[in-house]
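Below, read A as the first sequence line, B as the second, and so on, with proteins coming before strands; counting in each chain starts at 1.
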Number of protein chains: 2
Amino acid sequence: MAKSSITINDIARELKVAPSTVSRALNNSNKISNATKRKIVEKAEELGYNLNMVAASLSRSQTNTIGVVIPYLNNYFYSQVVNGIEELAFNKGYRILIAQTRDSFARETEIMRTMSATRVDGIIACLSADTQSTEHLFKLIKNNIPLVLFDRVSFDFPCKKVTIDNYNAMQQSVTHLARSGYKSIAHLGGPTTCNIYTEHSKAFRETLKKEKLPLIPQFHLSSDLTEEDISEAMQIWFSLKTKPDAIITASSTAALLVSKFAREQNLSIPDDLALISLTSEPALCYVEPQITSIELPGTEIGKTTLEFLLNEIQNGAQNANTTIKPFQLIIRNSSFRNS
Amino acid sequence: MAKSSITINDIARELKVAPSTVSRALNNSNKISNATKRKIVEKAEELGYNLNMVAASLSRSQTNTIGVVIPYLNNYFYSQVVNGIEELAFNKGYRILIAQTRDSFARETEIMRTMSATRVDGIIACLSADTQSTEHLFKLIKNNIPLVLFDRVSFDFPCKKVTIDNYNAMQQSVTHLARSGYKSIAHLGGPTTCNIYTEHSKAFRETLKKEKLPLIPQFHLSSDLTEEDISEAMQIWFSLKTKPDAIITASSTAALLVSKFAREQNLSIPDDLALISLTSEPALCYVEPQITSIELPGTEIGKTTLEFLLNEIQNGAQNANTTIKPFQLIIRNSSFRNS
DNA sequence: ATGAAAGCGCTAACAT
DNA sequence: ATGTTAGCGCTTTCAT
C-alpha cells in the first residue's frame, strides 16, 4: 500500500481548511458550500488524490466488499453466477473477493475465517460437496456477517437461500424419457452429501415408480462425477446383459463424456441411448446430437443472491426463506427417437 | 463490518496486559514469553477473537490482497489463469479481488481506480480488447502498486509480462495445414487492437508466403468473434467460388461454431475443411472430430504471474522483461486428411 | 519481556 | 458551512 500518497490532510493543509471539510467535499455531503467543494475537488484532482478505502472502511465499519465462495471457478454454472454478482456489485459500488473451496470443507472453513477477518460486508456461498457441519456458518452470524446461500444450500441453516427445484428437474427429465419410450433409465448422480443430489435421487426413484419403470439399483449411481467415475460406470453398465437405454447425468461434463463414450462404442444417441444433463453449458449444443438439458439461470441467480445480501446489509437480517428460481428443460436431439 | 466484535483491547483488559503485548502474542512475535503468549492465545480463543484485517492493513500499509483484472470470468482460459492465481494466493495468505473489464477500456480504467483506492498490494491484469492508452497503468505505478500483465499485454508499458509466443502458434498452425495439403487457408482473427491478434495476423501472412500459399484478402478476417461475426463469415466464405479448405480461429468458441456450421452444411471435417483453434477448452475434445488446437498452460501462467507480482511486492520493482510460456499444438482429427 | 504512546487516513459527532 | 476532536483496531517505535 503506497505509503507516501496524498491524504485529505495534505489537501486540507494546502487549502487551509479542516480535514473534515475535505472529507465532506469528497463525499458529496450537503453540509458544505459549492464554492469550497469545487475548490477542494479541484485541488484533489491536481494533487492526484486517491481515497484510501482501508482507512475509510475502518472508520465507517464497512468495507463495501462482498465475499463470494464457490466450489470451483472453472465451471460454467458458477462462473455465470459470479458474472451476475460481479456485474451488479460493480454497479452498486461493491468489490468482490472470490475464493474456491475446491469442494473441501476444511478450505471452506478457513475461507470463512479469513473473510470474517477481512470484514467483508456479507458473503454469498455455494457450499462445498463435503460440507457436513454448519458451525462455520454460525460463526459468521455471530460476527454479524450476513450470508446468502445458493445452489447447494444447507436447509437447516437459517439464512436466505436461492436454489432451483431440483426434484422437479429430475422429475421432468424422467417423465420426458418415459414418454419417449425409454425403459431402463440410469442416473449418474453427484455426492449425496449435497441437498441437490439427494433431491435428484429421491425424484429419480419416485418418478420411476410413478411411471411404472423399474429402478435397477446399479443404474442409480452416486459419485464425484470425475472422468474416471464416469468411464468406470460406462464400462460396467455396457457390459451388462440389460444395458441402460437412457442416462441422466447430474453434470454437463458427465453428459459430454457419456456422449463421447457412446460415439466411441458406436452407440447411437438417441436411438440406442438417450441422454439428459441436469446442468447446462454451451458445449452441449456443439456436439452431435445436441444434448437435452436443464437450463439454469446462472446470471439471474447471482443477481438475486446479491440483491438479497445487499438488502440484509442495509436493513439487517431478514426472514430465512428460500427462493426457487425457474429452470427450463430444453429438449434437444439426445432424448427422443425420431421414429 | 461487525461493530461489537472482540478487539485486542478487550483481551488486554481481561488479562491486565497491554494491547501491544496481545498484538505480539497473536502475531507470533519472538519478543514475548511463551507463558503470556499461551495465556493470550487461549483467552483470544475463549472470547472468539477474530483479527480485524482492515485495522491491521491500515496500520501496516499492506492489505494482503491482490487485484485480478480480466476481460471475462466466463472463459476457459481466463478461469484457468485465475484458478492458478487463487490457488497460490490462498497458500501464501493473500486474498484476491476480481473484476471483469468486459473488454471495455472505460471499465478497465474505473477498475484500476477503485483497486488503487482499495490499496491492493498489487495487480495482475489481462488488458481489455479496446485498451488503447496506458495512462491508467502509469497511475498505478505512481501509486506504488506493482502490476504484472499476462496474455494481452502492452509492450510499451514497462512492467513484467507473461505471454506465449503467438506468432509461433500461428506459424506452426499454418505450417501444419500446409504440410497436410490444405491450400486455401482462412483465418478468423480477433480485434487487431490486441497484441495477440496482430501477432497472429503477421504470422498468418508471413507463413502463408513462406509456404507459397496464396493470401486471399477476404480469408483474413479480424472481428470480435461473436456468434454473429462467425456466422456471417461462414455464410460469405461458403458462397464463394473458391471456398476455404482450412480455417484457423483465434478463439475456441469460434472453432466450435465453425465445426457446428460445417456439420449443418454437410461439410466434412477434415476432408472438406480443416480446422484449428488457437485457444483451447475441453469442449474441443467432445465434438466429432476432435479439434486441433493450441494448448495454453493457463494455471501455470496464473501461478508465474503471481510469483512475479509477489516478488515485486516484497522486493520492489524489477526489470520489465517478458516471460514466454510454452504452448503445445495438439493435433487432433480436424486438421489432417486420413487419405 | 512488557508497557506507553503515537499514528495509519478517514469519518462523524459535537461545537461554533 | 466549517472547525475541533475523538475514535475505528491495529502495529510499532521507544522506553523501561
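- Spacing between atom CG of B/Asn27 and atom C1' of D/dC10 amounts to 9 Å, rounded to whole angstrom units.
- Here the C1' atom of nucleotide C/dT11 and the CD1 atom of A/Ile32 are 14 Å apart, to the nearest Å.
- Of the candidates D/dG9, D/dT2, C/dT2, the closest approach to any side-chain atom of B/Thr21 belongs to C/dT2.
- In summary, B/Glu86 and A/Arg107 engage in a salt bridge, as defined by a charged side-chain N under 4.0 Å from a carboxylate O.
- Under 4.0 Å is where a charged nitrogen must lie from a carboxylate oxygen, and between B/Lys325 and B/Glu300 at least one such pair does.
- As judged by a 4.0 angstrom heavy-atom cut-off over every strand, B/Lys37 is placed among residues making no nucleic acid contact.
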Between the protein and nucleotides 13-16 of chain D, which nitrogen or oxygen pairs are less than 3.5 angstrom apart?
| from | atom 1 | to | atom 2 | distance (Å) |
| --- | --- | --- | --- | --- |
| D/dT13 | O4 | B/Arg24 | NH2 | 3.4 |

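- Side-chain atoms of A/Ser33 lie closest to D/dA1 of the nucleotides C/dG3, D/dA1, C/dT11.
- Side-chain atoms of B/Leu51 lie closest to D/dC10 of the nucleotides D/dC10, C/dT2, C/dG9.
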Should B/Arg119 and B/Asn144 be marked as a side chain to side chain donor-acceptor pair (under 3.5 Å) after you check the CA-CA gap, both sets of side-chain angles, and the distance that decides it? CA-CA 10 Å; B/Arg119 295 299 192 266; B/Asn144 255 307; over 6 Å; no
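- Here D/dG9 is the nucleotide among D/dG9, C/dG9, D/dT11 with the atom lying nearest to any side-chain atom of B/Thr7.
- Looking at B/Arg152 and B/Asp103, a side-chain N of the basic residue comes within less than 4.0 Å of a carboxylate O on the acidic one, giving a salt bridge.
- Under the side-chain contact (heavy atoms from CB on, under 4.5 Å) rule, B/Phe157 has a single partner from B/Leu147, B/Leu127, B/Leu140, which is B/Leu147.
- Between B/Tyr49 atom OH and D/dG9 atom C1' the separation is 7 Å, expressed in whole Å.
- Looking at heavy atoms from C-beta onward, B/Ile145 lies in side-chain contact with B/Ser116 at the 4.5 angstrom threshold.
- Residues B/Gln100 and A/Phe90 are not in side-chain contact: their nearest non-hydrogen atoms beyond the backbone lie 4.5 Å or more apart.
- Rounded to 10 degrees, the angle between the two end axes of the helix from C/dA1-D/dT16 to C/dT16-D/dA1 is 30°, with five pairs used at each end.
- At whole-Å resolution of the value, CZ in A/Arg119 and P in D/dC8 are 13 Å apart.
- Rounded to a whole Å, the CD1 atom of B/Ile40 is 12 Å from the P atom of D/dT11.
- A/Arg102 forms no cation-pi arrangement with A/Tyr72, by the criterion of a distance under 6.0 Å to the ring centre and an angle within 45° of the ring axis.
- Atoms CD1 (B/Ile11) and C1' (C/dG3) sit 17 Å apart, rounded to a whole Å.
- The residue A/Ile8 sits close to a base: some heavy atom pair falls under 4.0 Å.
- Computed from coordinates, the A/Asn50 CG to C/dC10 P distance equals 9 Å when rounded to whole Å.
- Close to C/dC10, at under 4.0 Å from its OP1 or OP2, lies no side-chain N or O of A/Ser57.
- Regarding contacts with the backbone of D/dG7, every side-chain N or O of A/Ser59 stays at 4.0 angstrom or more from both OP1 and OP2.
- We find that CG of B/Leu58 is positioned 12 Å from C1' of D/dG7, with the value rounded to whole Å.
- For B/Lys43 and B/Glu46, the salt-bridge test passes: some basic side-chain N is under 4.0 Å from an acidic carboxylate O.
- Nucleic acid contact for B/Asn30: sugar-phosphate only, since backbone atoms but no base atoms lie under 4.0 Å from a heavy atom of the residue.
- Using a 4.0 Å cut-off between a side-chain N of Lys or Arg and a carboxylate O of Asp or Glu, B/Glu110 and B/Arg113 qualify as a salt bridge.
- Considering only side-chain N and O atoms, B/Ser23 lies under 4.0 angstrom from the phosphate OP1 or OP2 of D/dT11.
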